[in-house]
Amino acid sequence: MTRHGARSRSGQTAPGRQRSGTDPAPDRADNGGRAGADAVSVAWTEYLAAARQLDGVRRDAATAAGEQARSVQAAREELTAVRTRLASQEARLRERGVPPISLVPTPPELTEATRAMAGGPAAVLAALRGARGRAEAADAVLSARGLPRLAGWPPRPRNLLVYGPLALLVPVIQVALFVATGTGVASVAALVFGLPMPAVAFAAGWIGVGRLFPPPDGGRLDRTARLGALVCLVPGVLVSAGLLLAMLAG
């Protein structure tokens, strides 16, 4: 009985030893699975980062291409406008006797223009806009009827040459009559007649500025209305007030 029980106990303990030897196998499988999942997660994260970076590069390239296309289109429009304006100016200069050789750009001018437009469509557009501005200024000079130098002046001093004499005309006549006749009927009539003259002088100056300095084609003439009104009003008011005080004192 004792031997049989010992054999039974030994037979029961053998399977237990075999199970204890096979227990670490599931743990190794779990660790391998987690390591594989981590590697997939890292690869997926790197893929997403690369995709975002590629999308940003694609967007930047599309934006740059769109800006370049708009610059090219705007440069073409500017070139057409400049060519049209230059052709008109060339015809007008030939009518005025300018030799054709003077209308052709010189080699240094061509070199400078090429250098200015070497920076791509944006630089070409900027150069064409500058050329258009110079062409418009030349049109203003050519459009001036007998006053090419004055047409290039700033609007304020240029218009002052028109408003000023008109504003002083009537006050000078009033003073001359007062000196000649004193407080007579002629002076009183000149004083009354001169009261609305500032408005008349301003209207005449407004028309004169438009006739003497016509704007370029498609442009707008700056008549400096506030300056003209002030120039025409101040002399008339001061002279009328002075003459009235002199008459009352006499």
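All values below were derived from every heavy atom in this structure, side-chain atoms included, with hydrogens, water molecules and symmetry-related copies excluded.
Minimum heavy-atom separation, Arg223 to Tyr163: O-OH, 3.1 Å. Residues Phe178 and Ala246 approach most closely at CZ-CB, 3.6 Å, considering heavy atoms. Between Val209 and Leu221, the shortest heavy-atom distance links the atoms O-CD2, 3.7 Å. Of all non-hydrogen atoms in Gly236 and Pro198, the two that sit nearest each other are CA-CG, 4.3 Å. Contact between Arg158 and Asp222 at its shortest, heavy atoms only, is NH2-O, 3.3 Å. Residues Ala167 and Cys232 approach most closely at CB-CA, 3.5 Å, considering heavy atoms.
Between the CZ atom in Arg59 and the CG atom in Asp55 there is a gap of 4.5 Å [rounded to 0.5 Å]. Note: Met197 CE to Ile173 CD1 = 9.5 Å, rounded to the nearest 0.5 Å. A distance of 10.0 Å separates CG in Leu169 from CD in Gln174, rounded to the nearest 0.5 Å. To the nearest 0.5 angstrom, Phe193 atom CZ is 11.0 Å from Leu177 atom CG. Going from atom CD1 of Ile207 over to atom CG of Leu212 covers 11.5 Å, rounded to the nearest 0.5 Å. The distance from atom CZ of Arg156 to atom CG of Leu161, rounded to the nearest 0.5 Å, is 14.0 Å.
Under a hydrophobic-cluster definition in which Ile, Leu, Val, Met, Phe, Trp and Tyr are linked whenever side-chain heavy atoms come within less than 4.5 Å, directly or via other members, Val188 and Leu244 are assigned to the same cluster. Following chains of ILVMFWY side-chain contacts shorter than 4.5 Å, one cannot reach Val200 starting from Leu195, and the two form parts of different hydrophobic clusters. In this structure, Leu233 is not a member of the same hydrophobic cluster as Val170, with clusters built from ILVMFWY side-chain heavy atoms closer than 4.5 Å. Hydrophobic clustering, with ILVMFWY side chains joined whenever heavy atoms are under 4.5 angstrom apart, keeps Val237 apart from Val192. Residues Leu243 and Val185 are members of separate hydrophobic clusters, defined by side-chain heavy-atom contacts under 4.5 angstrom among Ile, Leu, Val, Met, Phe, Trp and Tyr.
Looking at Thr80, its side chain does come within 3.5 Å of a backbone N or O of Arg76 through a donor-acceptor pair.
Listed by chain and residue number, Asn159 satisfy the side-chain hydrogen bond (donor to acceptor under 3.5 Å, both in side chains) test with Thr224 (two or more places apart in sequence, or in another chain). In this structure Arg115 satisfies the salt bridge (Lys or Arg N to Asp or Glu O under 4.0 Å) test together with Glu112, sequence neighbours excluded.
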